[in-house]
Amino acid sequence: MAINITSLPCVSYAMPALASWPKPRYTGRIMPALPTAILFDLDDTIIQAYAKPEEAWWRLLERFRGELPDDADRFARMHRAILEEGRTFWSDPVKAARWRLDLAGARRLVVRRALARLQLADDVLADRIGDAFTELRRQEYKLFPDAHDTLDRLRAAGIKLALVTNGAALTQRAKVVRFDLEHRFEHIQIEGEFGKGKPDPEVYIHVLGRLGVPPQACWMIGDNVEWEVVMPQRLGMRGIWYDPHGMGLPADSTVRPDRILTRLGELLE
């Protein structure tokens, strides 16, 4: 079904910086039991992938204790520097759109900058640390416990399902295969294959067209409030935020998800 984007509400075709967008209005409408279609994010929604970076980086750096300063304070400062450099690096939407297609390269750059910041510049060591973190994350990917069951029950109920994920084509497609997801979705859309990623409106509009449903009959579910709540709501969909660790929205957040889940299985309860 072709979708006329000019008929969709509040779409900003110039794609201004996310920080400049007005926040979506919370309507307070009662959520319907189940929609015609549901769009799912992949990382940290279907599979556990990148959550709790503070803990993961600390464990990774412990492996390099023999090659890093043995002073406990400097070790802690290095850990903090990597996290801070990472936050700065990924806070630029333009840079993020480029480098999320090369996470390994991005991590190398972040560690290089962190070491240089502490007067420990060593690009070879930095790249080894960055690559080790990439491999650590890959090894520790795991399916959320109720993911398969929830998807299978939704499909059995006649709900059209799509997987919409940012990231490199080979990396994300490998996850789809590894976790037996291909047959569970009517449509799988990967940024590296499609050519655009969330929160570009064309990403969602294309998926809606492939599923043949209007935005009002669709939910988007994921852990990123900008990608899975703000833009979907702007396009007329329901935006559902997935908060598996129960962290809650920041106190100063003005984003109002239509629903917050801590388990995917709550969709069916």
Side-chain angles (χ1 to χ4, degrees), residues 1-3 34-51 97 99-104 134-215 217-224 227-229 231-232 235 237-242 244 261-269:
M1 179 184 76
I3 295 180
L34 283 174
T36 302
I38 301 177
L39 280 50
F40 282 90
D41 174 47
L42 176 61
D43 295 318
D44 294 310
T45 300
I46 300 295
I47 66 171
Q48 299 181 58
Y50 305 122
W99 284 102
R100 65 181 175 237
L101 299 178
D102 181 12
L103 284 180
T134 296
E135 179 59 19
L136 172 73
R137 285 305 213 186
R138 189 193 68 80
Q139 291 177 358
E140 294 186 349
Y141 295 152
K142 61 181 179 180
L143 199 70
F144 277 106
D146 58 352
H148 277 174
D149 179 64
T150 300
L151 295 172
D152 292 344
R153 291 173 65 191
L154 288 170
R155 280 177 56 85
I159 310 300
K160 295 182 177 182
L161 305 181
L163 185 66
V164 188
T165 177
N166 284 356
L170 291 177
T171 301
Q172 299 305 87
R173 184 61 64 174
K175 294 174 187 173
V176 169
V177 173
R178 174 177 170 181
F179 293 103
D180 195 25
L181 297 173
E182 289 175 296
H183 71 282
R184 291 184 157 91
F185 294 95
E186 292 192 28
H187 177 63
I188 294 176
Q189 190 164 300
I190 297 171
E191 178 182 19
E193 297 175 350
F194 180 65
K196 294 183 179 181
K198 298 173 288 185
D200 190 316
E202 292 186 36
V203 170
Y204 313 88
I205 291 166
H206 182 77
V207 177
L208 292 171
R210 290 298 300 268
L211 295 180
V213 298
C218 187
W219 296 354
M220 175 83 221
I221 299 174
D223 68 304
N224 186 305
W227 300 352
E228 279 88 52
V229 176
M231 181 53 77
L235 295 174
M237 292 184 278
R238 305 278 186 163
I240 299 178
W241 185 52
Y242 185 54
L261 304 177
T262 57
R263 294 180 298 104
L264 293 178
E266 291 175 31
L267 287 168
L268 294 155
E269 293 174 357

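- The pair R100-E191 counts as a salt bridge, with a side-chain nitrogen and a carboxylate oxygen less than 4.0 angstrom apart.
- Of the residues T45, L39, L151, I46, the one that meets the side chain to side chain contact (heavy atoms under 4.5 Å, CB included) test with L163 is I46.
- Between Y204 and P232, the shortest heavy-atom contact is CE2-CG, 3.9 Å.
- For P145 against Q48, the heavy-atom pair with the smallest separation is CD-NE2, 4.5 Å.
- Remark: side-chain polar atoms of Q172 are not paired, donor with acceptor, to backbone N or O of A168 under 3.5 angstrom.
- No donor-acceptor pair under 3.5 Å is formed between the side chain of W219 and the backbone N or O of R238.
- Classified by interplanar angle (parallel below 30°, tilted 30° to 60°, perpendicular above 60°), the ring pair H206/F194 is tilted.
- Between F179 and F144, the ring centre distance reaches or exceeds 6.0 Å.
- Formation of a donor-acceptor pair under 3.5 Å by the E266 side chain with backbone atoms of R263 is found in this model.
- The minimum heavy-atom distance between P35 and A217, with the atom names listed, is CB-O, 3.4 Å.
- Counting only distance, with no hydrogens or angles, the side chain of D146 and the backbone of G265 share a donor-acceptor pair below 3.5 Å.
- Inspection of the Q139 and E135 side chains reveals an N or O donor paired with an N or O acceptor under 3.5 Å.
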Check step by step if side-chain contact (heavy atoms from CB on, under 4.5 Å) holds for L154 and F40.
CA-CA 12 Å; L154 288 170; F40 282 90; 3.8 Å; yes
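- Closest heavy-atom contact between D41 and K198: OD1-NZ, 2.9 Å.
- Looking at E186 and K160, no side-chain N of the basic residue comes within less than 4.0 Å of a carboxylate O on the acidic one, giving no salt bridge.
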